[in-house]
2 protein chains.
Amino acid sequence: MARIKIEKNSSRKEVIVSKAASLFREKGFKAASMRDLAEAVGVEAASLYNHIKSKTELLHELCFGVANRFMQHMDEVESKKTSSIAKVEELVRFHINEMVNHYEEVYVSDREWKHLSDPYLSNFQNQRRMYRKRFAAIIETGIRNKEIKSIDAPTAVLIILHAISGIESWHRSTQKINAEELTNNMITILVGGLKNV
Amino acid sequence: MARIKIEKNSSRKEVIVSKAASLFREKGFKAASMRDLAEAVGVEAASLYNHIKSKTELLHELCFGVANRFMQHMDEVESKKTSSIAKVEELVRFHINEMVNHYEEVYVSDREWKHLSDPYLSNFQNQRRMYRKRFAAIIETGIRNKEIKSIDAPTAVLIILHAISGIESWHRSTQKINAEELTNNMITILVGGLKNV
DNA sequence: TTTCTTTGCTAACATATGTTAGTATATTAT
DNA sequence: ATAATATACTAACATATGTTAGCAAAGAAA
């Protein structure tokens with residue numbers, strides 16, 4: 001009888017969630033079927049329901065898992081006593097790092113959250129809005145301090161976040177430059193583009 | 001009997017394609033059903049098939065319509081005898097403009113092309129790859145001329161294109177700054193981040 | 001071993017979905 | 001007015017999909 005293989009310190013549910021991430025990334029949430037997922041996991045579709053409640057639950061887990069990590073990091077950054085530009089750089093580095101190392105989950109959370117349903121949907125949207133507001137506030141402080149060019153802070157946030165999500169293309173490209181070089185290039189352009197000379 | 005209303009100089013098919021764009025943008029290609037589309041158009045689902053061949057055809061029309069406009073613009077830019085940085089700026093302005101004024105189509109083309117099927121899929125992917133290569137080539141020339149910072153050109157392209165696709169968030173935000181201001185801010189950060197000082 | 005719990009399987013369901021057939025009704029051309 | 005064409009409608013189909021019910025087998029606990 002087939003059985004879901006687990007690594008040490010991981011539940012069967014975690015295996016399913018992880019496979020779901022890569023499937024949702026590849027095909028999109030709607031287009032990825034539970035039968036696809038079952039096959040990826042090596043089991044029949046019905047068997048998945050011994051471990052999860054529903055397909056949507058998989059999306060919850062992924063989206064809120066990612067959102068929580070970012071929120072927690074934001075807390076940490078805000079509490080530091082560094083310059084605004086340093087904070088921005090740290091946020092950017094964290095985003096890049098997450099996108100490089102937890103590609104599938106972050107990507108899915110970013111692109112597929114639309115398919116959440118209330119109350120999760122509203123909750124997620126609020127978190128997202130809050131995160132961006134806090135990011136923008138840091139930039140605004142930087143502008144007042146003359147560390148950062150005088151630009152519209154929400155626009156800057158929007159540019160930064162979306163630019164980073166472009167790492168998706170990097171992941172799929174055949175001749176990748178290495179991750180460190182990628183990070184440095186992104187910092188140069190994004191943070192460099194903000195800095196007051 | 002219900003009838004699809006058309007404006008002057010537009011076919012019924014164009015009305016359908018346009019409504020499809022906004023539906024695909026809102027719900028995603030897979031999640032948007034032909035019945036949804038029919039309702040948006042004001043007609044029964046089966047009636048749509050007097051004008052279109054299939055649901056996928058709608059996606060073709062949208063994706064290739066957008067891709068062709070960008071390709072043609074790239075031809076124009078390349079043939080100009082301006083500096084590299086000016087070319088980059090013109091490309092960026094065009095992208096922003098398209099994203100602001102043809103939001104739905106551009107967005108759908110950007111996010112939903114995965115659901116094309118071969119041979120269209122490969123064709124689209126090739127066009128996309130080509131476009132980016134040509135964009136990167138312009139940046140590389142700029143680097144050799146010392147107009148542009150010494151960075152990895154493909155990474156720069158990736159950042160620029162994805163940053164612009166972030167205009168999606170701007171479109172949905174309640175308190176939008178105006179389009180011109182948005183453009184200027186984006187140019188400042190993106191082109192400013194590239195320029196050699 | 002015996003009992004209990006976990007995990008898997010087959011079968012089936014209800015529903016949603018893209019699409020086609022066949023027919024009726026407008027609109028346009030003769 | 002008549003014929004021809006374009007457009008719409010109802011009904012139905014085949015298929016895909018999320019999920020549940022009921023049972024079997026495997027592993028852990030006693």
Side-chain angles (χ1 to χ4, degrees), chain A residues 1-21 23-24 26-63 108 112 114-118 120-121, chain B residues 1-21 23-24 26-63 108 112 114-118 120-121:
Chain A
M1 222 175 195
R3 202 122 202 281
I4 299 178
K5 285 178 198 161
I6 55 176
E7 325 266 303
K8 218 172 186 183
N9 291 335
S10 84
S11 66
R12 284 177 172 52
K13 179 168 178 176
E14 283 167 332
V15 173
I16 294 172
V17 171
S18 159
K19 291 277 184 189
L23 216 73
F24 292 172
E26 193 189 323
K27 303 192 153 196
F29 176 74
K30 266 284 178 181
S33 78
M34 293 304 278
R35 285 166 179 83
D36 290 337
L37 178 55
E39 193 180 348
V41 170
V43 96
E44 292 300 315
S47 308
L48 297 172
Y49 288 85
N50 286 318
H51 305 282
I52 60 164
K53 246 180 57 206
S54 67
K55 187 185 183 187
T56 333
E57 192 204 359
L58 293 169
L59 195 57
H60 301 164
E61 300 260 343
L62 290 167
C63 290
V108 169
E112 306 293 334
K114 279 186 191 180
H115 300 103
L116 290 169
S117 37
D118 272 325
Y120 300 97
L121 179 60
Chain B
M1 222 175 194
R3 202 123 200 278
I4 299 176
K5 285 178 199 161
I6 55 176
E7 326 265 305
K8 220 175 184 180
N9 293 334
S10 84
S11 66
R12 286 183 167 66
K13 179 167 177 176
E14 283 167 334
V15 173
I16 294 172
V17 172
S18 159
K19 291 277 184 188
L23 215 74
F24 292 172
E26 192 189 323
K27 304 190 152 197
F29 176 75
K30 266 284 178 183
S33 78
M34 293 305 277
R35 284 164 181 86
D36 290 338
L37 177 55
E39 192 181 347
V41 170
V43 94
E44 293 299 315
S47 307
L48 297 172
Y49 289 83
N50 285 317
H51 306 281
I52 61 165
K53 245 181 57 206
S54 67
K55 186 185 182 187
T56 334
E57 191 204 359
L58 293 169
L59 194 57
H60 299 165
E61 299 261 343
L62 290 167
C63 290
V108 168
E112 306 294 333
K114 277 185 193 180
H115 299 103
L116 290 169
S117 37
D118 272 326
Y120 299 97
L121 179 58

| How would you list, by chain and number, every residue that makes a salt bridge (charged side-chain N to carboxylate O under 4.0 Å, His left out) with A:Lys30, sequence neighbours excluded? | none
| task | Figure out the CD/P separation between B:Glu39 and D:dA8, and round it to whole Å. | result | 16 Å
| task | For A:Lys27, enumerate each residue passing the salt bridge (charged side-chain N to carboxylate O under 4.0 Å, His left out) test, keeping only those at least two apart in sequence or located in another chain. | result | A:Asp36
| request: Give the rounded distance in Å between these two atoms: CG of A:Leu48 and C1' of C:dT6. | output: 15 Å
| query | Which atoms form the tightest heavy-atom contact between B:Ala20 and B:Leu62, and what is the distance? | reply | C-CD1, 4.5 Å
| said: Applying salt bridge (charged side-chain N to carboxylate O under 4.0 Å, His left out), can you list everything that pairs with B:Glu61, at least two apart in sequence or on another chain? | reply: B:Lys13
| said: Within residues 13-20 of chain B, which residues have any heavy atom lying less than 4.0 Å from an atom of DNA chain C? | reply: none
| query | Counting only side-chain N and O atoms of A:Ser47, is one of them less than 4.0 Å from OP1 or OP2 of C:dT7? | reply | no
| task | For A:Lys55, look at atom NZ and say whether over 12 heavy atoms of other residues, nucleotides or ligands are found less than 6.0 Å away. | result | yes
| query | Between B:Leu23 and B:Ala32, which heavy-atom pair has the shortest distance, and what is it? | reply | CD2-CB, 3.9 Å
| request: Among residues two or more places apart or on two chains, list those pairs meeting ring pair (Phe, Tyr, Trp, His ring centres under 6.0 Å) that have a residue in residues 26-46 of chain B. | output: B:Phe24-B:Phe29, B:Phe29-B:His115
| Whole-Å gap separating C1' (C:dT23) and CD (B:Glu44) | 15 Å
| note | The contact string for nucleotides 13-27 of chain D, one letter per nucleotide 5' to 3', using protein heavy atoms under 4.0 Å with B, S and - for base, sugar-phosphate only and none, comes out as ----BBBB-------
| If you measure from CD1 on B:Ile16 to CD on B:Glu57, what distance do you get to the nearest 0.5 Å? | 9.5 Å
| said: Could you tell me how far apart A:Ile52 (CD1) and C:dT6 (C1') are, to the nearest whole angstrom? | reply: 16 Å
| said: Can you tell me if A:His51 touches the phosphate of C:dG8, counting only side-chain N or O atoms and a distance under 4.0 Å to OP1 or OP2? | reply: yes
